[in-house]
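Take a look at the structure set out below.
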Amino acid sequence: MSRGLRFLKPGKMSLQNQLSEAVKSAVKQLYNVELESTEFQPTRKDFEGDITLVVFPMLKQIKSNPAKLGEEIGNYLKENIAEISDFNVVKGFLNLVIADAYFLNFFTEIKQQENFGLIPPATNARGIMVEYSSPNTNKPLHLGHIRNILLGYSVAEILKAAGNKSYKTQIINDRGIHICKSMLAWQRFGNGETPEITGLKGDKLVGNYYVKFDQEYKKEISELIEQKGISEEAAKAEAPILVEAKQMLLKWEAGDPEVVALWEKMNQWVYDGFEKTYEAIGVDFDENYYESDTYLLGKDVVNQGLEKGVFYKKEDGSVWIDLSDEGLDEKLVLRSDGTAVYMTQDIGTAIQRVKDFDINGMVYTVGNEQDYHFKVLFLILKKLGFDWADYLYHLSYGMVDLPSGKMKSREGTVVDADDLMAEMTDTARKISAELGKLEGYSEEEKKELYRIIGLGALKYYILKVDPKKRILFNPEESVDFQGNTGPFIQYTYARIRSILRKAGDIYNKPVSVGYKLHLKEKELLKQLQLYPETIQLAAENHSPALIANYVYDLVKEFNSFYQQVSILGADTEAEKHFRVQLAAEVARVIKSGFKLLGIEVPERM
RNA sequence: GGUCGCAUAGCUCAGCUGGAUAGAGCACCUGCCUUCUAAGCAGGCGGUCCCAGGUUCGAAUCCUGGUGCGAUCACCA
């Protein structure tokens, strides 16, 4: 064979893709067969090798026995590919040993990259808007919102890292009967309380009156049943406080100046409160959308759709869409009195966003209880003829439940977002105090560190779980700080940073040629190699959990390495230089991966 | 009842487009801090991958049926 040795190109293409090409040409040479596909997997730890070709699937195209086929392909690859230094065949698995040089090249490559694993968005990159949070303005944010917020924020970051342009937004549910309930209760029982007077966060204050409303409402219902002897159903409808709230909503829709002024005042309190919570969580938005702004546009669009025949009007004047051909029901899009429903304003909001931003896709981070709603919404937008309707995605996540069941704001059975974050920070403080490793840190620095760790624990705890699974949160068993946790990963980062501070300028020294990799070093390099594809996978699946699990595996691998070999006390200078640099790369990837999750990392802990 | 989702160790979770003996953490047990941070490492214990069929060289993974849990099927959001 006259063809010279071929070399693999680290960084240009994944090892797997390159080997796939090599195997295909091997099979072409050896058997004159065009292979359709190849299947690789990482070699299991119990066998020698770095990557394994599964030969079984090839038997369909090549008549042979698996062991013989493996041997022949292995021989060919060893002779023709420079970096394949050895191989062995076990049953139908061809285990390939990749030469150190390949991994060292890869390492040199990523060292020079500013943002290893991340793809900068091309000028023609897809623009995607991620909606998350979508709060009602009658109550504070709770643990359920936290999952929503963390997921949405992280997915937006991941999409950006995967080469898209992404924008973050929220829809604020600022109108409707819920806010009128808080307003009415405040009017009746509030005695002019304000956030300033009480020292309460605005959202908390308004939330208290929402609860107050519900208490009064229940009281009135039972009184009605007792005194008038009417049914519970009738009592629920007739309760004076509810009737009055409904009247208030009508006044609001009619633009009654007094009601609108109260509405604006109380909503502003809530926005100020939300802002503090968002800041504490560490998330932001490129744009806010308000239901009170977009529901009118939705109504316009429905009327246009009516003319186009997408919708139809019933005798009572209500407007519907028939989705029975798609296996769904008929769905209301406008009430008989002409007022908007949830669907109406979501149609309007979607269209407004595409007008406002350079986007052709959207991700809605909303709980799985609304799966049906979004199925319908996407279908409607498609029927209305918007081509971007094909790129809408409902990031549907499981509910966060308590051991006692669902969280209910009205009944006060919620885990408050602000309280929870404060508790996590306090736990971080207690643990840090016990360990006592922070001498030399000012109170200010310590406080900041507790915040980073506490928040890291909470965020990781929530994000490491597959979004579609429901989470059972037990407040009694506090979130862990050991094992597969945020603080564990942060701790590993801090340890590396500590080494790097001591190592000085070793980082810039070149890696010596012909360096013989330690087994653990090689494992780390293999894990680092997976970072870019992990980001892509996480983006495709809208799953921060994939990033979390990846970083955890990397950190496990590093700690094992750290324990087994000495970095600063290595036997040779070459080893010391390489290990310091390797540790530095691991730290960079930990930081980078955690940034995609919205989690910060500390210099010490 | 229709539709959708979930079911893996005592508990919390991984398991990529089907691949070798199903992996982590917590809990429990045993070792390791006079050498870079023990929020760590090494090891032990622990499995009917919900059940039954099917597809195939091979199934936790795909298909069918069933069971359990959750959600949804509003002129609520």
Side-chain angles (χ1 to χ4, degrees), chain A residues 37 39 41-44 46-47 52 54-57 59-60 66 90-93 95 134 136 173 175-178 291 314 316-320 327-329 331-343 345-346 367-373 375 396 398-399 401 406 428 431-432 434-435 437 453 457 461 464-466 468-472 474 477 480-492 494-503 530 533-534 537 540-541 545-546 548-549 552-553 555-556 559-570 576 579-580 583 604-605:
Chain A
S37 64
E39 193 174 323
Q41 58 182 331
T43 305
R44 291 181 70 102
D46 343 315
F47 301 97
T52 294
V54 187
V55 302
F56 292 109
L59 296 173
K60 287 194 185 102
V90 181
K91 296 190 211 168
F93 298 90
N95 302 319
S134 41
N136 289 355
N173 258 319
R175 63 178 272 276
I177 190 73
H178 55 270
E291 189 184 331
K314 286 193 178 174
D316 62 4
S318 57
V319 179
W320 297 71
L328 304 174
D329 288 328
K331 191 83 190 171
L332 178 94
V333 290
L334 217 52
R335 293 195 187 98
S336 53
D337 63 3
T339 56
V341 289
Y342 186 39
M343 190 63 74
Q345 56 115 3
D346 261 357
N368 61 12
E369 55 196 352
Q370 293 188 32
D371 285 356
Y372 185 72
H373 171 79
K375 211 180 263 184
S396 164
M399 296 288 103
D401 292 326
K406 284 192 82 155
I431 294 175
S432 294
E434 252 173 58
L435 295 171
K437 297 181 184 177
I453 298 172
Y461 176 81
K464 75 171 177 184
V465 182
D466 185 331
K468 62 175 178 280
K469 292 196 174 172
R470 75 188 259 260
I471 291 182
L472 194 67
N474 190 344
E477 302 164 15
D480 272 330
F481 283 65
Q482 279 171 10
N484 187 358
T485 67
F488 164 69
I489 291 165
Q490 290 170 323
Y491 173 71
T492 303
R495 284 211 297 204
I496 297 175
R497 294 301 302 165
S498 170
I499 289 173
L500 296 179
R501 280 192 296 274
K502 289 174 185 160
L530 295 176
E533 55 196 86
T534 302
L537 203 60
E540 282 163 29
N541 291 296
L546 296 177
N549 287 320
Y552 175 65
D553 288 341
V555 161
K556 285 264 321 165
N559 280 330
S560 178
F561 163 72
Y562 175 91
Q563 197 70 29
Q564 205 169 107
V565 306
S566 184
I567 296 171
L568 292 175
K576 183 172 160 185
R579 287 174 185 170
V580 166
R604 283 177 59 181
M605 73 183 270

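What you see is a predicted model; the values in this text were computed from it and never measured. Residue numbers start from 1 in every chain, and the chains themselves are labelled A, B, ... in the order their sequence lines are given, proteins ahead of strands.
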Classify L328(A) by what it touches in the nucleic acid, base, sugar-phosphate, or nothing, heavy-atom distance under 4.0 Å.
nothing

Please state how far atom CG in L334(A) lies from atom P in A74(B), giving the value in whole angstrom units.
18 Å

Under a cut-off of 3.5 Å for both distances of each Watson-Crick or G-U pair, what dot-bracket string does RNA chain B give, using [ ] for crossing pairs and | for inter-strand pairs?
(((((((..((((.....[...)))).(((((.......))))).....(((((..]....))))))))))))....

Value in whole Å for how far the C1' atom of A71(B) lies from OH of Y372(A):
14 Å

Can you list the residues that meet the side chain to side chain contact (heavy atoms under 4.5 Å, CB included) rule with K468(A), with sequence neighbours excluded?
D466(A)

Specify the residue among R335(A) and E369(A) whose closest nucleotide of RNA chain B lies further upstream toward the 5′ end.
E369(A)

Residues at least two apart in sequence or cross-chain that pass side chain to side chain donor-acceptor pair (under 3.5 Å) with H178(A), listed by chain then number, are none

Using a 4.0 Å heavy-atom cut-off, does S432(A) contact any base of the nucleic acid, only the sugar-phosphate backbone, or nothing at all?
base

G19(B) and A38(B): how far apart are their C1' atoms, nearest whole angstrom?
39 Å

Are D480(A) and T485(A) close enough that a side-chain donor and a side-chain acceptor fall under 3.5 Å?
no

In terms of ring plane angle, is the pair F56(A) and F93(A) parallel, tilted or perpendicular, where the classes change at 30° and 60°?
perpendicular

For atom P, what is the distance between A60(B) and U21(B), given to the nearest Å?
11 Å

For nucleotides 19-24 of chain B, read 5' to 3', which letter fits each nucleotide if B means a protein heavy atom sits under 4.0 Å from the base, S means only the sugar-phosphate is that close, and - means neither?
BBS-SS

Could you check whether Q490(A) gets within reach of a base, just the sugar-phosphate, or nothing at all, counting any heavy atom under 4.0 Å?
nothing

Could you tell me which residues satisfy side chain to side chain contact (heavy atoms under 4.5 Å, CB included) with A457(A), sequence neighbours excluded, listed by chain and number?
M424(A), V479(A), F481(A), P487(A)

Nearest-neighbour nucleotide for the Y491(A) side chain, G40(B), C16(B), A77(B) considered:
G40(B)

So CD1 of I499(A) and OH of Y562(A): to nearest 0.5 Å the spacing works out to 5.0 Å

Closest to the 5' end of RNA chain B, once M399(A) and A545(A) are matched to their nearest nucleotides, is A545(A)

Rounded to the nearest 0.5 Å, what's the gap from CE on M605(A) to OG on S432(A)? Could you check?
6.5 Å

Between N484(A) and K464(A), the two heavy atoms sitting closest are O-NZ, 3.1 Å

Using a 4.0 Å heavy-atom cut-off, does A494(A) contact any base of the nucleic acid, only the sugar-phosphate backbone, or nothing at all?
base

I'd like to know if D46(A) pairs up with R44(A) as an ion pair, taking the criterion as any Lys NZ or Arg NE/NH1/NH2 lying under 4.0 Å from an Asp or Glu carboxylate oxygen.
yes

When all nucleic acid strands are considered with a 4.0 Å heavy-atom cut-off, which category describes S560(A): base, sugar-phosphate, or nothing?
sugar-phosphate

Nucleotide U3(B), atom C1' - distance to NE2 of H373(A) in whole Å
17 Å

Polar pairs (N or O, both sides) under 3.5 Å between protein and nucleotides 6-8 of chain B?
unit_1, atom_1, unit_2, atom_2, d
A7(B), OP1, K469(A), NZ, 3.2

Give me the distance, rounded to whole Å, that separates U37(B) from C32(B) when you measure between the C1' atoms they each carry.
16 Å

Test log, rule side chain to side chain donor-acceptor pair (under 3.5 Å), inputs R470(A) and N368(A):
CA-CA 9 Å; R470(A) 75 188 259 260; N368(A) 61 12; over 6 Å; no

Heavy-atom nearest pair, A340(A) first then L334(A), reads CA-CD1, 4.1 Å

Can you tell me the distance, in whole Å, between the CD atom of Q564(A) and the C1' atom of C32(B)?
13 Å

Hey, does V565(A) reach any base, or is it just sugar-phosphate, or nothing, if we go heavy atoms under 4.0 Å?
base

